[in-house]
Amino acid sequence: AYLRRVADAGGASILVPRGLSPGDCEEVFRRLDGLLFPGGVEDIPPSFYGEEPVEGCVCTPNEAQDALEFCLLKLAIERGKPVLAICRGIQVFNVALGGTLYQDISRQRPGSLSHHVVDITGNEIVHRIEIVPGTFLAGVLSTETCGVNSRHHQAVKDPAPPLHVCGYAEDGVIEAVELPGHPFAVGVQWHPELMNTAGTTRLFEAFVRASAGE
C-alpha cells in the first residue's frame, strides 16, 4: 500500500534493508530524496525514552529495525530531507527527538477511544480527528477535521520539544505532529496509505513534491 500510494503520487520507492552498518546507512541516505517511515507491529523499547515497562505491557522490539530507522530519521532531520512518518513511524519520530509514548493507551488512558481497530480494508473510519488550524498539515490536507482509521495501541505522550502537535483525536490522544522550519517533516498516527480520501492523496502528493525539491 505504501509503494502504491507513493507511485500514484509520482514517486519511486526504494526499500531500505535492516541490518545496515552506520556507514552503509549514511551511504544509502545520501541517495534518497525523502524518507517514509512506515507502520509496524514492533514496539519501541520504553528504555529509549527513559521509562520502565508498564505492568501488563509486553514490548516486542526489533533491534535491527530500530537501529535503521533512528539512524535515518536523525540524518533526515539534521540535513533537511523530507520525512513522512506513519503509525509506528510517528512514534519513532517523537522518541528520536526526545519525546515519550503511551506504552498502551487502554491501560494508561482509561476511558479513551478504542484506537486498535483492524478492519479488512483499512479504509473504515474509526473516529474523527481535529487538525490544528494554521499548521503545515492543515494546509496540506486542506481541512481542519477528518475521519481516520486506527490500528495502534501506543501513541505520543509527551511530544519532543522541537515538535508541534497538529492533530488530536476526539479523546485528546495526539494523532499528528510536525517539525516547524523543516521542508517537510510530518508524522501521523493513522494509516493514510489504506484510506481512499482526497486528504490522504494530497498528503502523499505533497510528500513526493517536497522530495523532488518542489
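Residues forming a side chain to side chain contact (heavy atoms under 4.5 Å, CB included) with P180 (at least two apart in sequence, or on another chain): H164. In terms of the ring-ring contact (aromatic ring centres under 6.0 Å, His included) criterion, H191 has no residue partners (sequence neighbours excluded). Take H152 and apply the ring-ring contact (aromatic ring centres under 6.0 Å, His included) test, not counting sequence neighbours, and it matches H115.
Counting heavy atoms from C-beta on, the side chains of Q91 and Q189 come closer than 4.5 Å. The side-chain heavy atoms of E52 and P46, taken from C-beta on, include no pair separated by under 4.5 Å. Residues I77 and L179 are in side-chain contact: their nearest non-hydrogen atoms beyond the backbone lie under 4.5 Å apart. Under the 4.5 Å side-chain criterion, counting only non-hydrogen atoms from C-beta, V165 is not in contact with L163.
Smallest separation of non-hydrogen atoms from Q108 and V54: NE2-CG2, 3.6 Å. Scanning all heavy atoms of the two residues, the minimum distance from P38 to E69 falls at CD-OE2, 3.9 Å.
With salt bridges taken as basic N to acidic carboxylate O contacts below 4.0 Å, none links R128 and E175. Between R30 and E27, at least one side-chain N (NZ, or NE/NH1/NH2) sits under 4.0 Å from a carboxylate O, which counts as a salt bridge. With salt bridges taken as basic N to acidic carboxylate O contacts below 4.0 Å, none links R4 and E193. Taking a cutoff of 4.0 Å between a charged side-chain nitrogen and a carboxylate oxygen, D66 and R88 qualify as a salt bridge. Using a 4.0 Å cut-off between a side-chain N of Lys or Arg and a carboxylate O of Asp or Glu, E26 and K74 do not qualify as a salt bridge.
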Using the side chain to side chain contact (heavy atoms under 4.5 Å, CB included) rule, take F29 and R79 through it: C-alpha gap first, then chi angles, then the decisive distance, then the call. CA-CA 10 Å; F29 174 83; R79 303 183 191 179; 3.8 Å; yes

Begin from the C-alpha positions of I90 and F37 and carry the test side chain to side chain contact (heavy atoms under 4.5 Å, CB included) through to its verdict. CA-CA 8 Å; I90 188 180; F37 294 87; over 6 Å; no

Salt bridge (Lys or Arg N to Asp or Glu O under 4.0 Å) evaluation trace for K157 with E51: CA-CA 12 Å; K157 181 171 68 174; E51 293 187 5; 2.9 Å; yes

Mind running side chain to side chain contact (heavy atoms under 4.5 Å, CB included) on C25 and L72 for me, showing each step along the way? CA-CA 7 Å; C25 187; L72 290 174; 3.4 Å; yes

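Taking the ring centroids of F207 and F184, they lie under the 6.0 Å cut-off.
One finds the CG atom of L194 at 9.0 Å from the CD1 atom of I86 (value rounded to the nearest 0.5 Å).
Counting only N and O atoms by type, the side chains of T100 and D158 include a donor and acceptor under 3.5 Å apart. A donor-acceptor pair shorter than 3.5 Å can be found between the side chains of R5 and T200.
Across M195, E124, H127, a single residue satisfies side chain to side chain contact (heavy atoms under 4.5 Å, CB included) together with N149, and that is M195.
Remark: E42 CD is packed, more than 12 non-hydrogen atoms of other residues, nucleotides or ligands lying under 6.0 Å away.
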